[in-house]
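Below is one structure, written out as C-alpha cells; comments come after it.
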Protein chains: 2
Amino acid sequence: MLSEFDLISRYFTRPARSYIAQIALGVGDDCALLTPAAGTQIAISTDMLVEGRHFFPDAEPFTLGHKCLAVNLSDLAAMGARPLAFTLALALPAAREEWLGPFSAGLLALADSHHCELIGGDTTKGPLNICITVFGETLPGQALRRDAAQAGDDIWVSGTLGDARLALAGYRNELTDQLVMDAEQHALAATRMHQPTPRVALGIALRGIARAAIDISDGLIGDLGHILARSGVGATLAVDSLPAGPVLTQQTQAIRRHFTLAGGDDYELCFTAPADRRDAVFAAGQAAATAVTRIGSIDAASGLRLHDADGAVLNLQLTSFDHFRST
Amino acid sequence: MLSEFDLISRYFTRPARSYIAQIALGVGDDCALLTPAAGTQIAISTDMLVEGRHFFPDAEPFTLGHKCLAVNLSDLAAMGARPLAFTLALALPAAREEWLGPFSAGLLALADSHHCELIGGDTTKGPLNICITVFGETLPGQALRRDAAQAGDDIWVSGTLGDARLALAGYRNELTDQLVMDAEQHALAATRMHQPTPRVALGIALRGIARAAIDISDGLIGDLGHILARSGVGATLAVDSLPAGPVLTQQTQAIRRHFTLAGGDDYELCFTAPADRRDAVFAAGQAAATAVTRIGSIDAASGLRLHDADGAVLNLQLTSFDHFRST
C-alpha cells in the first residue's frame with residue numbers, strides 16, 4: 001500500500017515547468033506561491049466531481065483525469081482567462097497504483113497541453129471525490145462576465161451540443177423506443193461525455209469582442225438563464241439553428257431540440273456579442289479553430305422565448321440540471 | 001428541499017466586503033477575480049475534510065465550519081501569508097437547512113475575523129466532503145518555506161501541543177487504564193480538537209525573523225520531518241520542554257511525551273530562527289498574543305534526536321499520521 005507521501009511524489013510531483021514564470025513555489029510546502037505579472041488579474045474556479053454523480057463508479061481513470069481538469073479549464077475559458085496552474089484534492093477509498101497511474105497521466109496530459117501546472121493539493125482516504133481549483137490570468141476589464149449582456153447582442157455557441165447527453169441516454173437505456181443509435185455511434189457520442197474539450201483558445205480570442213459568456217455544463221437554457229438573470233435581460237433562441245453534435249444530428253427533431261437545449265456536460269461556450277461584431281466573432285472562432293454558431297439574440301424584455309425555423313413560438317417543457325434534485 | 005442555487009444564495013452569498021480591495025469579482029460567475037497588489041505574491045493552499053476521517057459523522061456543524069477554514073488558514077499562517085479569500089466545494093448527502101445554517105455561520109464567522117472572503121465554489125450531492133482552497137498575500141522572498149532551515153537555528157513551537165490528540169483518545173476510549181480525565185477536562189481538550197486557532201498573526205509577525213516554518217497537523221515529529229527533509233538538515237528536540245496543553249499537562253510523562261511529539265490536529269506553528277534572533281521571536285509572539293517556546297535546534301547531521309530533561313537520549317517508538325494507513 002502506498003503512503004500518502006509516496007503517492008504524491010510518485011504521481012503528482014514533477015520538476016517545475018519552465019514555461020510558467022509566475023509559479024514561485026509548487027507542490028510540497030504549506031502553500032504554493034504565484035507571482036502574478038504586474039497589472040494582471042487572477043481568475044479562480046473550483047469544481048468537485050463525485051463518483052456516482054458526475055462519473056460512473058467504473059469510469060476509465062485516464063479519461064476521468066482529463067475530464068476533471070477539463071471542466072475547470074472550461075470555467076477559465078468562459079472568463080477569457082489563460083490557464084496558469086491548479087490544485088488537486090483527492091479523496092480515495094484506497095491508494096491503488098493501477099488507478100493512480102492512468103488518472104494522473106490523463107490529468108497531466110491535458111494540463112501540459114494548456115501549460116497549466118499542478119502546484120499543490122491534498123490527498124485523503126474517503127469515498128472517491130476529486131476537487132480541482134484552477135487559476136488563470138486575465139487583464140482588468142477584459143474578463144467575460146455573466147452580467148455584461150446587453151439588449152440587441154447576438155447569442156452564440158461554440159462547437160456542438162447534445163452528444164454528451166445522448167451518450168448518457170444510451171448508458172441509461174432512456175428513450176429506447178425513439179433513439180436509433182448503434183454501438184459505434186454511442187462510442188462517438190461517449191467521447192464527448194468523457195473527454196470534453198475546454199474552449200480555452202476561443203475564450204482568449206473573444207477578449208474585447210464578446211460581452212457576456214458562460215460555459216454550458218448543466219444545459220444551454222439553464223446556463224444561458226444565468227447570463228439573463230445577472231444581466232437583467234431576456235432572450236430569443238432560434239431552436240432549430242442550435243448546432244447538434246454529429247451523432248445527435250441523426251436523431252428525431254424532438255430529441256435534437258431536447259438535448260441541444262437541455263442536455264448537459266457540453267462544456268461549450270455560450271456568449272453574447274454586439275451585432276456589429278459578427279465578423280470579429282467568426283475571425284476569433286477561426287483563430288481558435290473552433291466553430292461558432294449564432295443562435296439568437298438578447299432582448300430587453302425578460303424571459304426566454306424559443307422559436308422554430310419559421311419563427312413560430314415553441315412551447316417546450318424543459319428543465320435544467322440541479323445537483324440536489326433526484327435524477 | 002433547497003435547490004443548488006437557493007442553497008448558494010441563502011447561505012454562501014453576501015455583499016462583497018469592502019475591506020478587501022483585491023477582490024474584483026466574487027461568488028456567482030464562472031470564476032472569481034483577484035487583483036493582487038503590485039509586487040505581491042499569492043499563497044495558495046487546499047485542504048479536503050472527509051466525514052468519518054477528519055470529523056465524526058455527528059460533528060456539530062458550527063464548529064465543523066470553523067475547523068474546515070481554520071486548517072486552511074493555518075497553512076497560510078505557516079507561510080507568513082495574510083488571508084485574502086477562499087473557495088468552498090461542498091458535497092452533501094442532502095441540502096438540510098438545519099445543517100447548512102450553523103455550518104455556514106461557523107465558517108463565515110472565522111472568515112470575517114480574518115477578513116477572508118468567500119469568493120466562489122461548488123456544491124453537489126454526495127458523501128459529505130468539504131474542500132477549501134485559500135488565498136493569501138505575501139511579499140516575494142518573505143514567505144516562510146519548509147526548505148529554509150539552517151544548522152544552528154533554534155526550533156520553536158507556538159501555543160501548546162497534544163490536547164486535541166488527548167480529546168481523541170477520550171472519544172476512542174484509548175488508554176483508559178492510564179488516562180485520568182473527567183468530563184470537564186475532556187470538554188476543554190475537545191475545544192482544541194474542534195476549534196483550532198490558526199496562528200495567522202504570528203506567521204505574519206515572523207516574516208523576516210523565522211527561516212523555515214510548517215503548521216503541525218499530523219504531529220510534531222512528522223511535520224518537523226518535512227522541514228528537515230526539504231532543508232537537508234537534522235534536529236535535536238528537548239522532549240520535556242515541549243509545551244503540553246492545559247489538560248495534557250495533568251497526564252503521565254509517557255502520555256505527555258507521546259501526544260506532544262506525535263499527536264495531530266494541533267494547528268500550531270513549528271518554525272526555525274537564527275539563535276541570535278531569540279528576542280525578536282519573543283517580541284513577535286508578544287505582538288501576536290501567542291506563546292512561543294524554544295524546543296530544540298537544527299543540526300547539520302541528518303536524523304532526529306530526542307533528548308530528555310537531563311540531555312540523555314530518548315528512544316521512543318512514534319509514528320506520524322498517514323492518511324492511507326488504517327487507524
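Just so we're on the same page: letters track the sequence lines, and every chain starts at 1. Computed from a prediction, not measured in an experiment: that's the story for all the values here.
- Annotation: maximal heavy-atom pairing with chain A below 4.5 Å, among B:Val134, B:Thr87, B:Leu144, B:Leu88, occurs at B:Thr87.
- For A:Thr40, the part lying near chain B is the backbone, with the side chain staying farther off; criterion is any non-hydrogen pair under 4.5 Å.
- Other residues, nucleotides and ligands contribute at most 12 non-hydrogen atoms within 6.0 Å of the CZ atom of B:Arg82.
- Per-residue counts of heavy-atom pairs under 4.5 Å with chain B were compared for A:Ile44, A:Asp75, A:Thr46; the largest is that of A:Ile44.
- In this structure, the portions of A:Leu76 lying under 4.5 Å from any heavy atom of chain B include both its backbone and its side chain.
- With a 4.5 Å cut-off on non-hydrogen atoms, B:Ala143 touches chain A through its side chain but not through its backbone.
- In this structure, chain B has heavy atoms under 4.5 Å from both the backbone and the side chain of A:Ala78.
- Only the backbone of A:Ala213 comes within contact range of chain B, judged by heavy atoms closer than 4.5 Å.
- Distance check: A:Cys131 SG to B:Asp47 CG gives 11.0 Å after rounding to the nearest 0.5 Å.
- Summarising the geometry of A:Met48 relative to B:Leu90, their closest heavy-atom pair is SD-C, 3.9 Å, with the distance given to 0.1 Å.
- For the atom pair OG of B:Ser45 and CG of A:Asp122, the computed distance is 8.0 Å after rounding to the nearest 0.5 Å.
- B:Thr124 contributes atom OG1, which lies 8.0 Å from atom CG of A:Leu49 (distance to the nearest 0.5 angstrom).
- Between A:Val50 and B:Pro127, the closest side-chain pair of non-hydrogen atoms falls below 4.5 Å.
- The CG atom of A:Leu33 lies 7.0 Å from the CZ atom of B:Arg145; values are rounded to the nearest 0.5 Å.
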